[in-house]
2 protein chains.
Amino acid sequence: MVLTGGIILRAELNSVPMSSSFNILRKTITRFTPFPEEDWEMLLSHLQIKTLKKHDLFAQEGKRANEVAVVFEGMLRQFYLNDGEEKTTYFYFENHLMGAYISCLTGKPSDITIEALSDCTLIVFPYDKVNQLFAESLAWQKFCRYLAEYLAMGLEERMAGLLMLTPEERYRDLIAGNKTKILERIPQHYVANYLGITPVSLSRIRNRVHKK
Amino acid sequence: MVLTGGIILRAELNSVPMSSSFNILRKTITRFTPFPEEDWEMLLSHLQIKTLKKHDLFAQEGKRANEVAVVFEGMLRQFYLNDGEEKTTYFYFENHLMGAYISCLTGKPSDITIEALSDCTLIVFPYDKVNQLFAESLAWQKFCRYLAEYLAMGLEERMAGLLMLTPEERYRDLIAGNKTKILERIPQHYVANYLGITPVSLSRIRNRVHKK
DNA sequence: TCAAAACGATAACAAAAGATAAGAAAAACG
DNA sequence: CGTTTTTCTTATCTTTTGTTATCGTTTTGA
């Protein structure tokens, strides 16, 4: 199973100086679809750098979300509040497109909260403003279409995993697809939520999987 | 939990004569975004009526899919093949947009199969042809964008249910949201797959839920 | 630096789900 | 029709997960 929290925009984004990150974002968009110079200039004028401290919230349940971001540095988690309990359903890492996207789309209060798991640097833009500005831009509509389709594909794959695999299989898939050591830095009970099981159960599965 | 197999285009679609169903499709598209007359004429020329007998396949695992359809009449199920076992993950009913959409988007062989659960009448169009034809149409790009976003929202909701609810809660949600009696006509082991449990387990849950 | 909080492993028990099989009921089909 | 297949329930047994609690360890933050 793949971590489908967000859309990975480009692997090199975090390895270049911040000053050129906007251009890399541009190249990324261009890979999806041609993006005219004047459109880009307009988008650029709305991009901002935003920093979060660990535990800061990027989006909050009950509040209408309007910001969409690219994670330049750091990692975040997305969770639902269920009877006062936090249920982590997503992780966002560097180069992921990130945000309470559904709240942005619908304009309704968000069901989810997004919290920084580490200090983060983000490239942010206001969704409604930019989307209105580009309402008649073919390039922008195509770009957003591809984003949504990409997102749907990731969700579909994740859903298939939840329906068809056992928790142990999901865990094995998760660590198999985890080239980096990034998962090891995430508290295990968050990963357990992500897998749809309890922390205790994940601990047992880890015992089973890693011992032999 | 909601049956998110497809996008419900319009509730009245099946209650009008077939001859005007194309126009209802048009009104539906127009609700998402303005759709110029000439675009519509071009789309119309690619729409076809297709009928399936019960057990016929609309899409097949391993074969590249290219047709997208609106279900005019009937119902279908979508399943994965897992070690020779069929795992039903979706149902499509009247007015749903339906197809092996991911295979259409990627051009790769489909992972899923779509089978008619009853005799069906479909409004079909060839995805790649129409999509190429409308590559530069703002209306079409917007429409496809909204479709993908709608799809992603449904998938997200379903995933949240799978992660956070127990099988019994998922079953309760399913029947609570089932105004029609349509679920009762679907073989229970398909529904069990859809809920991510075994048929035997669903039978026990039904016993628990309905007895008192 | 030190106390408090968070984290992870483990144990014990209860509850639920999976696997399998058997039998009844319903549906499909010639 | 009547036979065959499919579907559903029920029972038994095993495995897994959930729940709760305990106990070191690590991390956090004042």
Side-chain angles (χ1 to χ4, degrees), chain A residues 52-56 74-75 77 79 82-88 91 115-120 161-175 181-212, chain B residues 52-56 74-75 77 79 82-88 91 115-120 161-175 181-212:
Chain A
L52 295 179
K53 291 279 173 199
K54 187 172 180 176
H55 297 309
D56 281 355
M75 56 187 189
R77 74 183 176 106
F79 60 90
N82 221 13
D83 308 318
E85 281 220 67
E86 296 179 358
K87 289 280 191 177
T88 299
F91 300 106
E115 182 202 58
L117 286 173
S118 66
D119 290 356
C120 292
L162 288 170
L163 284 178
M164 299 201 294
L165 303 179
T166 64
E168 180 170 329
E169 288 171 325
R170 292 202 292 276
Y171 176 70
R172 286 180 185 277
D173 280 7
L174 184 66
I175 56 176
K181 301 275 181 185
I182 225 162
L183 270 181
E184 297 171 14
R185 288 191 282 141
I186 297 178
Q188 238 178 72
H189 59 281
Y190 295 157
V191 177
N193 288 164
Y194 179 84
L195 292 170
I197 56 180
T198 61
V200 178
S201 190
L202 177 56
S203 182
R204 281 187 291 230
I205 288 172
R206 281 166 54 84
N207 190 353
R208 280 204 300 270
V209 168
H210 291 128
K211 99 161 96 182
K212 47 157 267 139
Chain B
L52 296 179
K53 291 277 174 202
K54 187 173 179 175
H55 298 308
D56 282 355
M75 56 189 189
R77 73 183 177 107
F79 60 90
N82 222 13
D83 308 318
E85 281 218 68
E86 296 179 358
K87 289 279 190 179
T88 300
F91 300 105
E115 181 202 58
L117 286 173
S118 66
D119 291 357
C120 291
L162 288 169
L163 284 178
M164 301 201 291
L165 303 179
T166 64
E168 181 170 328
E169 288 171 325
R170 293 203 290 276
Y171 175 70
R172 286 179 186 276
D173 279 7
L174 185 65
I175 56 176
K181 301 277 180 183
I182 224 161
L183 270 182
E184 297 171 15
R185 287 191 284 142
I186 297 178
Q188 243 177 68
H189 59 280
Y190 296 156
V191 177
N193 289 164
Y194 179 83
L195 292 171
I197 56 180
T198 62
V200 178
S201 190
L202 177 55
S203 181
R204 281 187 292 229
I205 287 171
R206 281 166 52 83
N207 189 357
R208 280 205 299 272
V209 168
H210 291 127
K211 97 160 100 181
K212 49 162 266 141

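Hydrogens, waters and symmetry mates play no part in the numbers below; they use all other heavy atoms, side chains included. Below, read A as the first sequence line, B as the second, and so on, with proteins coming before strands; counting in each chain starts at 1.
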Residue from R170(B), E168(B), E169(B) passing side chain to side chain contact (heavy atoms under 4.5 Å, CB included) with R172(B): E168(B)
Would you mind classifying the nucleic acid contact of L202(A) as base, sugar-phosphate or nothing, using non-hydrogen atoms under 4.0 angstrom? nothing
Separation of dT15(D) atom C1' from I197(A) atom CD1, nearest Å, is 15 Å
Reading nucleotides 19-30 of chain D 5' to 3', which nucleotides get B (base under 4.0 Å from a protein heavy atom), which S (sugar-phosphate only), which -? BB-------SS-
Could you pick out which residue, E168(B) or S203(A), lies toward the 5' side of DNA chain C when each is mapped onto its nearest nucleotide? S203(A)
Nearest-0.5 Å distance, NZ of residue K53(B) to SG of residue C120(B): 11.0 Å
Round to the nearest Å and state the distance from R77(B) atom CZ to dT6(D) atom P. 13 Å
More 5' along DNA chain D: Y190(B) or T166(A), using each one's nearest nucleotide? Y190(B)
Could you check whether P167(B) gets within reach of a base, just the sugar-phosphate, or nothing at all, counting any heavy atom under 4.0 Å? sugar-phosphate
Sequence-distant partners of R77(B), side-chain contact (heavy atoms from CB on, under 4.5 Å), two or more places apart: F79(B), E86(B), T88(B), F91(B), E115(B), L117(B), Y190(B)
Locate the shortest heavy-atom distance separating M75(A) from S118(A); write the atom from each residue and the value. N-OG, 3.1 Å
Contacted region of DNA chain C by chain A, from 5' end to 3' end of the hits, cut-off under 4.0 Å to heavy atoms, spans dC7(C) to dA12(C)
Work out which heavy atom in K54(B) is nearest to a heavy atom in D119(B); give both atom names and the distance. N-OD1, 2.8 Å
Taking the minimum atom-to-atom distance to the side chain of R206(B), which one of dT17(D), dT9(D), dT7(D) wins? dT9(D)
Rounding to 0.5 Å, atoms CD1 (I205(B)) and OG1 (T166(B)) come to a distance of 7.0 Å
Distance, rounded to the nearest Å, where L165(B) contributes CG and dT17(D) contributes P: 19 Å
With rounding to the nearest 0.5 Å, note down the distance linking CD1 in I197(B) to CZ in R204(B). 9.5 Å
If you measure from OG on S201(A) to CZ on R206(A), what distance do you get to the nearest 0.5 Å? 12.5 Å
Shortest non-hydrogen contact from N193(B) toward L163(A): O-CD2, 3.7 Å
Between R170(A) (CZ) and dT16(D) (C1'), how many Å, whole number? 13 Å
Between NE2 of H189(B) and C1' of dT6(D) the distance, given in whole Å, is 8 Å
Between Q188(B) and dT6(D), does any side-chain N or O lie under 4.0 Å from OP1 or OP2? no
